[in-house]
Structure formats: C-alpha cells, structure tokens
A.B. asks: 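Structure in structure tokens, see below.
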Amino acid sequence: MCGNSMSASLPAARKATAAVIFLHGLGDTGHGWEEAFARIRRSHIKYICPHAPVMPVTLNMNMAMTSWFDIIGLSPDSQEDEPGIKHAAEYVKTLIDQEVKNGIPSDRIVLGGFSQGGALSLYTALTTQQKLAGVTALSCWLPLRSSFPQGPISGVNRDIPILQCHGDADPLVPLMFGSLTAEKLKKLVNPANVTFKVYEGMMHSSCPQEMLDIRQFIDKILPPVD
C-alpha cells in the first residue's frame, strides 16, 4: 500500500495471545494511538497502530497527507472513494492475516479506529471472512452504507461485538452521523452486541473516560487464555 508498511506497535509484555489493530484518522499517524493504548494495555495483548499512506485528499484541496482513502466531502450524500475504501480494507485484511501467521487466531483480534480509521475498521469487519473478536469504532461513520443489505449481513461477523463512541460536540463528524451509523449497525449485526456511547462536551477527539470504556470492552472480549 504505497510502500508504507510501517506501524507503531506495542508488543505484549508476555506471550501475545491476542491483538488490537487500531487505525488512526486523517492526517495522523499510529504514534498517538500507540501512546493512548500504552496507558490501558494488558500484558497478553499486542497493539498494532499502522500508519496510512500519504495521498492527495480532495476534501483538503488535494493536499497530500496520511489517509486510508480519499475523502471527497463530509455530508451524508457526498460521493465516496469506493475503489480506495475497498483497497484499504484489503490492506487491513493482510494485517489481520499477518497476525494469524504470527499465531494469534483472528477471533482473538479486535479491529478499531478513529474517524476515517474507525470508518475503515467498520467496513472491513462487515466485509471480511475473517472472524474477529470485536470492533471499537470512534467518532466515525459507516462508509459505502448503501452497499450493505437492508437486513443482517451473512458473513462470519454477524454476531460481532461493536463498541461505537462519539462526542456530542464533534464539529467534523457530527453526532448525527454516529447515531445513524449505530442504527444501521443494529440492522446488520446482532443488535444486542452494538453499544453506542456518547461523551458530553467531547469534540473530534478522545477522552480518558472513552479510553477506560475501550479497555473494559477489550477486557471482556480478549481475556487472558493462559
């Protein structure tokens, strides 16, 4: 993927029996999220925060920046970069496959992301044939939503646990996008497994309470096995 296979990663403190793959937002790198996970890490879990490739982004006047796919606009009816989203999802699937080769079963891998990365994590989880442990989707939306069925998906992740988090003061990805995404997710997967948490006063960022909620979610679905 544009020759950028670099990741910021936190190895497990002992033998890794689970992994978290977390995708950053537009214009960012994996380093900030590596630091955030360092504060909530568990000794049996490996954390991988890959860096997106650099590409021109239409939304930002074609300026080149780290981006998983092109973003053309931020309104619900904006055109979407379908080939770019699908290409990026294939790349994420190779990251999952790499961890499986390293000895971690795919159902012991949590996929997650923030903003554009969260959108990509949702899309990948709902389209892959790799059974995952869960998804943490922060301040994001579901891309290519019209490509999904009206009812439940038929794939291996139709019962996947999803933790979706959003700030009620987000000026970039409005809370309404998060709410509509949560409604759509509840039609695609087991609705009992979709948790939507809203944080008062939080903008397009994260907060300590959100990270604690993420830790609790991960602890539940990736307990130590040895």
Side-chain angles (χ1 to χ4, degrees), residues 1 20-26 50 52 55 57-59 67-97 100 106-107 109-167 170 172-198 204 214 217-218 221:
M1 193 160 167
V20 172
I21 298 173
F22 194 89
L23 311 170
H24 65 72
L26 182 67
M55 63 175 75
V57 175
T58 304
L59 179 70
S67 185
W68 298 108
F69 49 85
D70 191 20
I71 296 184
I72 296 139
L74 279 180
S75 69
D77 54 356
S78 292
Q79 185 188 341
E80 293 185 273
D81 173 21
E82 185 171 350
I85 292 165
K86 290 181 171 174
H87 178 71
E90 289 306 314
Y91 170 69
V92 177
K93 290 171 195 175
T94 66
L95 295 179
I96 297 165
D97 283 340
V100 173
S106 68
D107 64 2
I109 296 173
V110 165
L111 186 57
F114 173 80
S115 193
Q116 187 195 38
L120 179 56
S121 72
L122 283 175
Y123 181 81
T124 306
L126 295 173
T127 56
T128 183
Q129 288 311 305
Q130 301 152 310
K131 186 168 174 56
L132 298 168
V135 180
T136 57
L138 316 184
S139 307
C140 67
W141 66 96
L142 177 63
L144 306 178
R145 64 192 180 282
S146 60
S147 69
F148 290 99
Q150 291 305 306
I153 59 167
S154 59
V156 292
N157 288 318
R158 59 182 170 271
D159 284 317
I160 193 168
I162 298 175
L163 174 64
Q164 200 194 332
C165 303
H166 219 105
D170 192 328
L172 278 180
V173 182
L175 178 60
M176 181 192 74
F177 286 22
S179 303
L180 291 171
T181 296
E183 283 171 32
K184 179 68 175 172
L185 290 173
K186 284 176 180 175
K187 291 176 184 152
L188 295 174
V189 302
N190 182 343
N193 290 345
V194 178
T195 304
F196 184 43
K197 288 187 175 277
V198 177
H204 195 63
I214 291 166
F217 175 77
I218 292 172
I221 56 178

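What you see below is based on every heavy atom in this structure, not just the backbone, and it leaves out hydrogens, waters and symmetry mates.
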A.B. asks: Using only atom types and a distance under 3.5 Å, with no angle test, would you say the side chain of D70 pairs donor to acceptor with the backbone of G84?
C.D. replies: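 No: the side chain of D70 does not pair with the backbone of G84.
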
A.B. asks: Atom CG of L180 and atom CZ of R145: how far apart are they, to the nearest 0.5 Å?
C.D. replies: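 Between atom CG of L180 and atom CZ of R145 there are 8.0 Å.
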
A.B. asks: Knowing that exactly one of M55, H24, H87 qualifies, which makes a side-chain contact (heavy atoms from CB on, under 4.5 Å) with W68?
C.D. replies: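 The passing option is H24.
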
A.B. asks: Say you draw a straight line from CG of L59 to OG of S67; how long is it, rounded to the nearest 0.5 Å?
C.D. replies: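 Answer for the CG-OG pair, L59 versus S67, is 9.5 Å.
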
A.B. asks: Which heavy atom of V173 sits nearest a heavy atom of S115, and at what distance?
C.D. replies: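 It is CG2-OG, 4.2 Å.
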
A.B. asks: Check whether any side-chain N or O of Q164 sits under 3.5 Å from a backbone N or O of V194 as a donor-acceptor pair, and report yes or no.
C.D. replies: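 Pair absent, no side-chain N/O of Q164 close to backbone of V194.
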
A.B. asks: Drop me the distance from L120's CG to L23's CG, to the nearest 0.5 angstrom.
C.D. replies: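 So the gap between those two atoms works out to 5.5 Å.
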
A.B. asks: Could you tell me the separation between the CG atom of L138 and the NE2 atom of H204, rounded to the nearest 0.5 Å?
C.D. replies: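 Answer rounded to 0.5 Å: 10.0 Å.
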
A.B. asks: So, does T195 use its side chain to make a donor-acceptor pair with the main chain of L163 at under 3.5 Å?
C.D. replies: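 Pair absent, no side-chain N/O of T195 close to backbone of L163.
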
A.B. asks: What verdict does the salt bridge (charged side-chain N to carboxylate O under 4.0 Å, His left out) test give for K86 and E90, after you've listed the backbone C-alpha separation in whole Å, the side-chain angles of each residue and the deciding distance to 0.1 Å?
C.D. replies: CA-CA 6 Å; K86 290 181 171 174; E90 289 306 314; over 6 Å; no

A.B. asks: What distance separates S147 OG from E80 CD, expressed to the nearest 0.5 Å?
C.D. replies: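 These two atoms lie 8.5 Å from each other.
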
A.B. asks: May I ask you to decide whether E183 forms a salt bridge with K187, counting only side-chain N to carboxylate O separations under 4.0 Å?
C.D. replies: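 Salt bridge between E183 and K187, a charged N being under 4.0 Å from a carboxylate O: no.
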
A.B. asks: Say whether S121 and T124, considering side chains only, have a donor N or O and an acceptor N or O under 3.5 Å apart.
C.D. replies: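 No - no donor-acceptor pair under 3.5 Å links their side chains.
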
A.B. asks: Which distance, rounded to the nearest 0.5 Å, do you find between the CG of L132 and the CD1 of I221?
C.D. replies: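 One finds 9.5 Å between CG of L132 and CD1 of I221.
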
A.B. asks: So, the side chain of N193 versus the backbone of I162: is there a donor-acceptor pair under 3.5 Å, distance only?
C.D. replies: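 No, the answer is negative, given that no donor and acceptor are paired below the 3.5 Å cut-off.
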
A.B. asks: Would you say NZ of K197 has more than 12 non-hydrogen atoms from neighbouring residues, nucleotides or ligands within 6.0 angstrom?
C.D. replies: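 12 or below, so no.
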
A.B. asks: Passes side-chain contact (heavy atoms from CB on, under 4.5 Å), V189 versus L126? Steps please.
C.D. replies: CA-CA 9 Å; V189 302; L126 295 173; 3.7 Å; yes

